[in-house]
Amino acid sequence: MTDFSGLIEGYRRFKANGWKQQRERWTQLASGQNPRLMVIACSDSRVDPTIIFDTSPGEIFMVRNIANMVPPFETTAGRHGVSAALEFAVTQLEVPEIVVLGHQSCGGCAAALTRRFENAEKGQGGFIADWMSMLDEARDKVVAEHGHGEEAVRALEWEAVKVSIANLRTFPCVPIREQKGRLKIHGAYFAVADGILHLLDEETGAFSPA
């Protein structure tokens with residue numbers, strides 16, 4: 001497994017090869033960015049959008065967090081990292097498309113399903129519990145329909161994508177641009193075991209292979 005020294009070795013390979021091969025592009029990017037996509041993905045080490053979508057530097061504006069969640073629009077005091085990134089992508093970079101990317105074997109969704117960190121202290125799982133409480137309603141729905149098995153985990157992983165998309169639309173800047181045809185939102189799900197990407201049909205609520 002790669003440790004910090006491995007990262008430095010990787011950087012040196014990149015500087016000697018990848019950076020030189022795309023030197024013109026890096027020169028262009030030095031003056032600013034103009035991505036056409038925002039991707040909201042999980043922090044899981046197995047799910048790197050730049051690898052899954054085979055993109056180059058500067059093509060994706062990305063936010064990664066536990067279970068690829070978007071919180072609802074709130075104006076309470078606090079450090080709203082995801083909200084700030086979304087605001088910047090939509091109102092400043094004016095990205096025309098947003099992708100919410102869920103994935104198989106999501107630890108955050110598993111924790112939401114089992115309520116593993118319920119009542120845990122902050123720093124001992126409490127932050128995770130608070131964050132995953134965004135899925136409480138979806139969790140209850142999934143448990144009522146599927147119980148607690150493997151099928152329930154997959155169902156909640158799909159629901160996480162849908163909840164995040166619904167929360168995206170609570171930000172005033174999002175529906176305004178959707179209505180004007182200036183912004184499109186996509187839901188996707190990556191199955192780690194077989195490498196298949198599934199896309200959400202919002203009309204039916206179903207995911208199907210891309």
- prompt: With the 4.5 Å side-chain cut-off for hydrophobic clustering, are Ile40 and Val174 part of the same group?
  reply: yes
task: May I ask you to check whether over 12 heavy atoms, not counting those of Glu137, lie within 6.0 Å of atom CD?
output: no
message: Which heavy atom of Ile60 sits nearest to which heavy atom of Pro49, and what is that distance?
response: CD1-O, 4.4 Å
message: Let me check something: do Leu37 and Leu199 share a hydrophobic cluster, defined by ILVMFWY side-chain heavy atoms less than 4.5 Å apart, either directly or through other members?
response: yes
Please list, one pair per line, the donor and acceptor atoms closer than 3.5 Å that link side chains of residues 102-128 to other protein atoms, with sequence neighbours excluded.
from   : atom 1 : to     : atom 2 : distance (Å)
Gln104 : OE1    : Val192 : N      : 2.9
Gln104 : OE1    : Ala193 : N      : 2.8
Thr114 : OG1    : Ala110 : O      : 3.0
Thr114 : OG1    : Arg116 : N      : 3.3
Arg115 : NH2    : Asp140 : OD1    : 3.1
Lys122 : NZ     : Asp130 : OD2    : 2.8

message: When you measure from the side chain of Thr2 to the backbone of Leu7, do you find a donor-acceptor pair of N or O atoms at a distance under 3.5 Å?
response: no
task: Report yes if some heavy atom in the side chain of Ser208 is under 4.5 Å from a heavy atom in the side chain of His198; otherwise report no.
output: no
- prompt: Ignoring hydrogens and geometry, is there a side-chain-to-backbone donor-acceptor pair from Glu145 to Val142 under 3.5 Å?
  reply: no
message: Just verifying a value: how many Å separate Ile66 CD1 and Trp131 CH2, rounded to the nearest 0.5 Å?
response: 9.0 Å
message: Please find the pair of heavy atoms, one from Ala138 and one from Val163, that lie closest to each other, and give the distance.
response: CB-CG2, 4.2 Å
query: Counting N and O atoms only, with roles assigned by atom type, does the side chain of Thr50 sit under 3.5 Å from a partner on the main chain of Pro57, one being a donor and the other an acceptor?
result: no
- prompt: Is there a path of hydrophobic side-chain contacts, each under 4.5 Å between heavy atoms of I, L, V, M, F, W or Y residues, that connects Leu168 with Phe61?
  reply: yes
- request: Provide the closest heavy-atom pair for Leu197 versus Phe53 in the form atom of the first, atom of the second, distance.
  value: CD2-CE2, 3.7 Å
query: Is it true that a side-chain atom of Asn167 and a backbone atom of Val70 form a donor plus acceptor pair closer than 3.5 Å?
result: yes
- prompt: In the single-linkage hydrophobic clustering (I, L, V, M, F, W, Y; side-chain heavy atoms under 4.5 Å), do Leu183 and Val63 co-cluster?
  reply: yes
- prompt: So do Met134 and Pro71 actually touch side chain to side chain, heavy atoms under 4.5 Å?
  reply: yes
Anything under 3.5 Å between a donor and an acceptor, one on a side chain of residues 88-99, the other on a protein residue two or more places apart or in another chain? List them.
from  : atom 1 : to     : atom 2 : distance (Å)
Thr91 : OG1    : Glu87  : O      : 2.6
Glu97 : OE2    : His186 : NE2    : 2.7

task: With sequence neighbours left out, write down each residue that passes side-chain contact (heavy atoms from CB on, under 4.5 Å) with Ile51, or none if nothing qualifies.
output: Asp48
message: Minimum heavy-atom separation for Leu135 and Ala160, please, with both atom names.
response: CD2-CA, 3.7 Å
field: Between CZ on residue Arg64 and CG on residue Leu101, distance to nearest 0.5 Å
entry: 9.0 Å
field: Trp158 (side chain) donor-acceptor with Phe207 (main chain) under 3.5 angstrom
entry: no
task: Ignoring hydrogens and angles, tell me if any N or O in the side chain of Asn65 forms a donor-acceptor pair with the backbone of Met69 under 3.5 Å.
output: yes
message: Rounded to the nearest 0.5 Å, what separates atom CG in Leu156 from atom CZ in Arg154?
response: 12.5 Å
- prompt: Thinking salt bridges, do Lys162 and Glu159 make one under a 4.0 Å N-O criterion?
  reply: yes
- request: Output the distance between atom CG (Leu86) and atom SG (Cys173), rounded to the nearest 0.5 Å.
  value: 5.5 Å
field: Shortest non-hydrogen contact between Pro172 and Pro175, atoms and distance
entry: O-CD, 3.5 Å
- prompt: Just how far is it from atom CD of Gln22 to atom CG of Leu29, taken to the nearest 0.5 Å?
  reply: 9.0 Å
task: Give a yes or no on this: more than 12 heavy atoms of other residues, nucleotides or ligands lie within 6.0 Å of atom CZ of Phe14.
output: yes
query: How far does CG of Leu200 sit from CD1 of Ile185, to the nearest 0.5 angstrom?
result: 11.0 Å
task: Determine, step by step, whether Ser83 and Phe171 satisfy the side chain to side chain contact (heavy atoms under 4.5 Å, CB included) criterion, reporting the C-alpha distance in whole Å, the side-chain angles of both residues, the deciding distance to 0.1 Å, and the verdict.
output: CA-CA 9 Å; Ser83 302; Phe171 287 77; 3.4 Å; yes
message: With a 3.5 Å distance limit and no angle check, can you tell me whether Ser31 reaches the backbone of Gln28 through a side-chain donor-acceptor pair?
response: yes
- prompt: Side-chain heavy atoms under 4.5 angstrom apart, residues restricted to Ile, Leu, Val, Met, Phe, Trp, Tyr: same cluster for Met38 and Val100?
  reply: yes
